[in-house]
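Beneath this line is the structure, given in structure tokens, with notes to follow.
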Amino acid sequence: MAGSLIRIGYGVRRMTVEAGWTRMPSHGFMRSGALAAARITHFGMPKAGDELMLIRAGEAPVWSSIGGGLFDTDGLRRHFAVFLGA
């Protein structure tokens with residue numbers, strides 16, 4: 001997969017955000033017709049992470065959590081709250 005990776009650190013806390021998409025047949029295929037896939041992980045807290053898919057929903061694509069439901073700014077805010085220990 002081709003894409004981007006961001007690692008953020010604050011003291012002993014670490015949050016990683018990675019997103020990617022397939023470009024060549026050797027990269028494989030995207031599940032469920034997704035346009036891209038993403039993963040948010042928190043170092044030392046595996047259950048706090050989230051896996052996302054960018055899917056078509058009407059005219060604009062939206063991020064959806066694999067666990068169910070849309071992933072919007074509230075979801076991102078929750079991950080930053082975990083990261084900051086709030």
**Fill in**
Those residues at least two apart in sequence (or on a different chain) that pass side chain to side chain contact (heavy atoms under 4.5 Å, CB included) with L84 are Y10
**Prompt:** Linking I/L/V/M/F/W/Y whenever any side-chain heavy atoms sit under 4.5 Å apart, do I55 and I66 land together?
**Reply:** yes
**Request:** Kindly compute the distance separating OG (S65) from CG (L52), expressed to the nearest 0.5 Å.
**Result:** 6.0 Å
**Fill in**
Taking every heavy atom of W63 against every heavy atom of A38, the minimum-distance pair comes out as CZ3-CB, 3.7 Å
**Request:** Go through the structure and list residues passing salt bridge (Lys or Arg N to Asp or Glu O under 4.0 Å) with D72, not counting sequence neighbours.
**Result:** none
**Request:** Of all the heavy-atom pairs spanning G69 and S64, show the shortest one and how long it is.
**Result:** O-OG, 3.4 Å
**Contact check, side chains of I8 and F83, non-hydrogen atoms, under 4.5 Å** = yes
**Request:** Provide the closest heavy-atom pair for M53 versus A34 in the form atom of the first, atom of the second, distance.
**Result:** CB-CB, 4.0 Å
**Prompt:** Can you list the residues that meet the side chain to side chain contact (heavy atoms under 4.5 Å, CB included) rule with R14, with sequence neighbours excluded?
**Reply:** F43
**Message:** Is there a side-chain contact between I40 and F71 in this structure, where contact means two heavy atoms from C-beta onward sitting under 4.5 Å apart?
**Reply:** yes
**Members besides V82 in its Ile/Leu/Val/Met/Phe/Trp/Tyr cluster (side-chain heavy atoms under 4.5 Å)** = M45
**Message:** If the condition is salt bridge (Lys or Arg N to Asp or Glu O under 4.0 Å), which residues does R39 pass it with, not counting sequence neighbours?
**Reply:** E18
**Prompt:** Is there a path from I6 to M15 through hydrophobic residues (I, L, V, M, F, W, Y) whose side chains come within less than 4.5 Å of each other?
**Reply:** yes
**Message:** Tell me every residue that passes side chain to side chain contact (heavy atoms under 4.5 Å, CB included) with A57, counting only those two or more places apart in sequence or in another chain.
**Reply:** V62
